[in-house]
Asker: 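Input: one structure, supplied below.
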Amino acid sequence: MMQPAPPTGVAPPLQQQTQQPQYPHPHPQQPYMMMPPQAQPGAAVQAPPQMWAPQPPAQHHLLHQAQAQAQPTSADEVRTLWIGDLQYWMDETYLYSCFAHTGEQVTMVKVIRNKQTGQSEGYGFLEFANRATAERVLQAYNGSIMPNGGQNFRLNWATFSSGERRSDDSPDYTIFVGDLAPDVTDYMLQETFRARYPTVKGAKVVIDRVTSRTKGYGFVRFGDEGEQLRAMTEMNGVLCSTRPMRIGPATNKNTTGGQQPKGM
DNA sequence: GATGAGCGT
């Protein structure tokens with residue numbers, strides 16, 4: 001019941017294989033000083049399969065699927081995902097290796113870098129064989145743990161490539177949640193609210209890109225304004241993990257949520 | 001304690 005069954009068929013918690021690489025453990029103390037062996041800038045964009053790649057979803061026939069669905073795809077098909085919250089050492093090779101033996105066909109990865117410093121901007125793009133593949137990956141891996149164990153995949157549809165917007169057209173009603181304990185994850189936050197508010201669409205704990213640790217606050221999105229408003233009062237002070245939450249209004253960039261523009 | 005989110009040749 002209370003068991004963390006991911007919302008949209010998200011990959012189950014990583015059952016780490018036998019041994020793991022020289023990656024930091026779930027709570028890396030050092031930011032990005034660790035340079036994984038495979039993460040050589042300029043290395044061929046082709047990583048050998050790694051044992052620590054994430055587990056595929058509940059399906060183990062992905063290889064066959066990938067082949068079966070390797071249809072040429074309409075050229076305008078959206079099959080690129082945006083990926084964020086990357087640490088600085090997470091380069092193309094690393095990203096490839098994340099999916100190398102998942103059975104999903106990654107046709108292109110790119111990490112966006114600062115032109116001057118060459119440093120990663122913390123996001124990139126993943127292109128897949130077709131839309132179905134991209135969608136599967138999005139569903140399965142978004143929010144699941146990344147191979148280094150320190151953070152979760154942050155995936156979304158890339159927006160530029162084609163007009164089709166992925167987002168449902170329903171508005172979001174978002175609240176700010178502060179005072180979060182260090183161990184609170186997106187999922188934990190989401191479920192804390194979803195237990196009482198069925199329209200909860202998602203939650204996000206804000207991660208510091210440098211330390212890859214939580215900043216102690218986050219956001220919860222509702223599909224219904226009434227629930228948003230109720231949660232603002234009802235959930236204030238309610239325990240999430242070990243700490244009472246502090247709820248506030250969210251300054252929403254996406255003003256669809258009935259949020260007043262800043263200054264009002 | 002605090003207001004995310006970043007979309008490329």
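Quantities reported herein were computed from a predicted structural model and do not represent experimental measurements. Proteins get letters first, then strands, A, B, ... in listed order; numbering begins at 1 in each.
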Asker: Are Phe176(A) and the base of dA2(B) stacked, counting only ring centres nearer than 5.5 Å and planes tilted under 30°?
Answerer: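 It does not: the two rings, one from Phe176(A) and one from dA2(B), miss the stacking criterion.
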Asker: Write down the distance between NZ (Lys201(A)) and P (dA5(B)), rounded to a whole number of angstrom.
Answerer: 19 Å
Asker: Apply salt bridge (charged side-chain N to carboxylate O under 4.0 Å, His left out) to residues Arg221(A) and Glu227(A) and explain how you reach the verdict.
Answerer: CA-CA 10 Å; Arg221(A) 295 180 299 128; Glu227(A) 291 195 355; over 6 Å; no
Asker: Where the side chain of Arg243(A) is concerned, which of dG1(B), dG4(B), dC7(B) is the nearest nucleotide?
Answerer: dG1(B)
Asker: With sequence neighbours left out, which residue pairs that include part of residues 235-246 of chain A fulfil the salt bridge (charged side-chain N to carboxylate O under 4.0 Å, His left out) condition?
Answerer: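 Passing the test, one end in residues 235-246 of chain A: Asp179(A)-Arg246(A).
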Asker: Tell me the interatomic distance from Tyr123(A), atom OH, to dA5(B), atom C1', rounded to whole angstroms.
Answerer: 11 Å
Asker: Cut-off 3.5 Å, side chains only: do Glu127(A) and Thr107(A) have a donor facing an acceptor?
Answerer: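 Side chains of Glu127(A) and Thr107(A): pair found under 3.5 Å.
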Asker: Could you state the atom-to-atom distance from NZ of Lys215(A) to C1' of dG4(B) in whole Å?
Answerer: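 Rounded to whole Å, this separation is 8 Å.
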Asker: Rounded to whole angstroms, how far apart are CD1 on Ile83(A) and P on dA5(B)?
Answerer: 15 Å
Asker: For Lys204(A), answer base if it contacts any base atom (sugar-phosphate contacts may also be present), sugar-phosphate if it contacts only those atoms, and nothing otherwise; contact means non-hydrogen atoms under 4.0 Å.
Answerer: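 Base, at least one base heavy atom under 4.0 Å.
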Asker: Provide, to the nearest angstrom, the distance between the CG atom belonging to Asp208(A) and the P atom belonging to dT3(B).
Answerer: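 For the pair Asp208(A) CG and dT3(B) P, the rounded distance is 13 Å.
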Asker: Of the candidate nucleotides dT3(B), dG4(B), dG8(B), which contains the atom at the shortest distance from the side chain of Thr174(A)?
Answerer: dG4(B)
Asker: In chain order, what residues pass the ring pair (Phe, Tyr, Trp, His ring centres under 6.0 Å) check against Tyr197(A), with sequence neighbours excluded?
Answerer: Phe222(A)
Asker: Which nucleotide wins on minimum distance to the side chain of Thr251(A), given the candidates dG8(B), dA5(B), dT3(B)?
Answerer: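 Closest nucleotide among those given: dT3(B).
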Asker: Please compare Asp179(A) and Glu121(A) by the position of their nearest nucleotide in DNA chain B and report the one closer to 5'.
Answerer: Asp179(A)
Asker: Judged by modelled atom types alone, do Ser212(A) and Gln151(A) share a side-chain donor-acceptor pair under 3.5 Å?
Answerer: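 No, because no side-chain N or O of Ser212(A) sits under 3.5 Å from a partner of the opposite role on Gln151(A).
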Asker: Between dC7(B), dT9(B), dG4(B), spot the one nearest the side chain of Arg221(A), thanks.
Answerer: dG4(B)
Asker: Let me know the distance between CD1 of Ile247(A) and C1' of dT3(B), rounded to the nearest Å.
Answerer: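 The answer, rounded to whole Å, is 13 Å.
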Asker: Could you check how far CG of Asn142(A) sits from C1' of dA5(B), rounded to whole Å?
Answerer: 13 Å
Asker: Between dT9(B), dG8(B), dT3(B), which one does the side chain of Thr80(A) approach most closely?
Answerer: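 Nearest nucleotide to the side chain: dG8(B).
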Asker: Starting at atom CZ of Arg154(A), determine the distance to atom C1' of dC7(B), rounded to an integer number of angstrom.
Answerer: 15 Å
Asker: Between Ile207(A) and Leu180(A), who's closer to the 5' end of DNA chain B by nearest nucleotide?
Answerer: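 In this pair, the answer is Leu180(A).
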Asker: Is Phe125(A) stacked on the base of dG8(B) when the test is centres under 5.5 angstrom and planes under 30 degrees?
Answerer: yes
Asker: Quick one: label Arg246(A) by what it contacts on the DNA or RNA (base, sugar-phosphate, nothing), any heavy atom closer than 4.0 Å.
Answerer: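 Touches a base.
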